[in-house]
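These notes are about the structure you will find just below.
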Amino acid sequence: QVQLVEAGGGSVQPGGSLRLSCTTSARTFSRYTMAWFRQAPGKERDFVAAMFASSGRTYYAESVKDRFAISRDNAKNTVYLQMNSLKSEDTAVYYCAAREGDGYWNRGFQYDYWGQGTQVTVSS
């Protein structure tokens, strides 16, 4: 069983930045595609960003492209989400997800492991 723990959420004004982190217990972290999803109140959980295990290739939802950046540190078993130019519509609970292997997976059911989520609130 792989455990994921997110950190770094909080409150920020529009235009501000936050960096989320997700640390895993996976022994072979480098073999996992890692992703971020988010869920706003009353809405479904949406894909945000993901990074392939082997190549480090990244892909993003259109709504966050050019503002958010996903990265990983395999030595620390950690994936990050740098969020810049935050907007009120970015307010949500952000979840980290993992699945072993490489794949263009942007649906929640495609991932095997999830963190507990961290709240991000963007408000003036």
Side-chain angles (χ1 to χ4, degrees):
Q1 186 73 12
V2 175
Q3 295 182 333
L4 289 73
V5 179
E6 300 100 335
S11 295
V12 64
Q13 293 185 342
S17 298
L18 281 175
R19 188 175 83 152
L20 306 182
S21 64
C22 171
T23 302
T24 83
S25 64
R27 293 186 177 183
T28 55
F29 174 73
S30 61
R31 296 181 185 177
Y32 285 77
T33 287
M34 300 299 298
W36 290 94
F37 287 76
R38 67 186 181 186
Q39 187 168 20
K43 296 188 177 181
E44 295 184 351
R45 190 173 298 188
D46 290 330
F47 170 78
V48 175
M51 176 176 271
F52 277 26
S54 59
S55 67
R57 177 182 175 184
T58 59
Y59 47 103
Y60 299 89
E62 284 297 320
S63 60
V64 305
K65 195 175 288 187
D66 299 326
R67 298 189 299 122
F68 291 11
I70 187 172
S71 62
R72 64 193 296 161
D73 185 337
N74 289 339
K76 296 182 178 180
N77 279 18
T78 300
V79 63
Y80 303 96
L81 184 68
Q82 178 67 43
M83 304 185 295
N84 299 325
S85 301
L86 283 161
K87 306 175 182 180
S88 58
E89 51 263 44
D90 294 318
T91 295
V93 177
Y94 283 71
Y95 296 90
C96 175
R99 174 176 171 172
E100 192 166 5
D102 279 339
Y104 182 71
W105 302 313
N106 63 349
R107 304 290 297 278
F109 70 85
Q110 295 172 309
Y111 287 84
D112 298 314
Y113 305 103
W114 291 85
Q116 81 289 350
T118 185
Q119 176 71 47
V120 171
T121 302
V122 184
S123 174
S124 56

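Just so you know, these numbers come straight off a predicted model, no measurement behind them.
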Side-chain contact test, heavy atoms from C-beta onward, threshold under 4.5 Å: evaluate it for [X] versus [Y] and give yes or no.
X: Met83; Y: Val12; value: no
X: Trp114; Y: Cys96; value: no
X: Tyr32; Y: Thr24; value: no

Least distance between heavy atoms, [X] atom then [Y] atom:
X: Ala40; Y: Ala92; value: N-CB, 3.8 Å
X: Pro14; Y: Ser124; value: CD-N, 3.7 Å
X: Glu100; Y: Trp105; value: O-CH2, 3.7 Å
X: Leu18; Y: Leu86; value: N-CD1, 3.9 Å
X: Leu4; Y: Tyr113; value: CD1-CB, 3.6 Å
X: Met34; Y: Ile70; value: O-CD1, 3.8 Å

Applying the 4.5 Å side-chain criterion to the ILVMFWY set and letting contacts propagate, would [X] and [Y] be lumped into a single cluster?
X: Phe37; Y: Leu81; answer: no
X: Tyr80; Y: Phe29; answer: no
X: Met51; Y: Tyr94; answer: yes
X: Leu20; Y: Phe68; answer: yes
X: Tyr95; Y: Val120; answer: no

Report the residues that fulfil side chain to side chain contact (heavy atoms under 4.5 Å, CB included) with Ser25, sequence neighbours left out, ordered by chain and then residue number.
Val2, Gln3
Determine whether a donor-acceptor pair (N or O, by modelled atom type, separation under 3.5 Å) exists between the side chain of [X] and the backbone of [Y].
X: Glu6; Y: Cys22; answer: no
X: Gln116; Y: Val5; answer: no
X: Arg31; Y: Arg27; answer: no

Identify the residue among Asp90, Thr118, Thr91 that makes a side-chain hydrogen bond (donor to acceptor under 3.5 Å, both in side chains) with Arg38.
Asp90
Once rounded to the nearest 0.5 Å, what's the spacing between atom CD of Gln110 and atom OH of Tyr104?
10.0 Å
Do [X] and [Y] have side-chain N/O donor and acceptor atoms under 3.5 Å apart?
X: Arg99; Y: Tyr111; value: no
X: Thr78; Y: Thr23; value: yes
X: Ser17; Y: Asn84; value: yes

Which pairs with one or both residues in residues 41-61 pass side chain to side chain donor-acceptor pair (under 3.5 Å), sequence neighbours excluded?
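Output for this query lists Ser54-Asp102.
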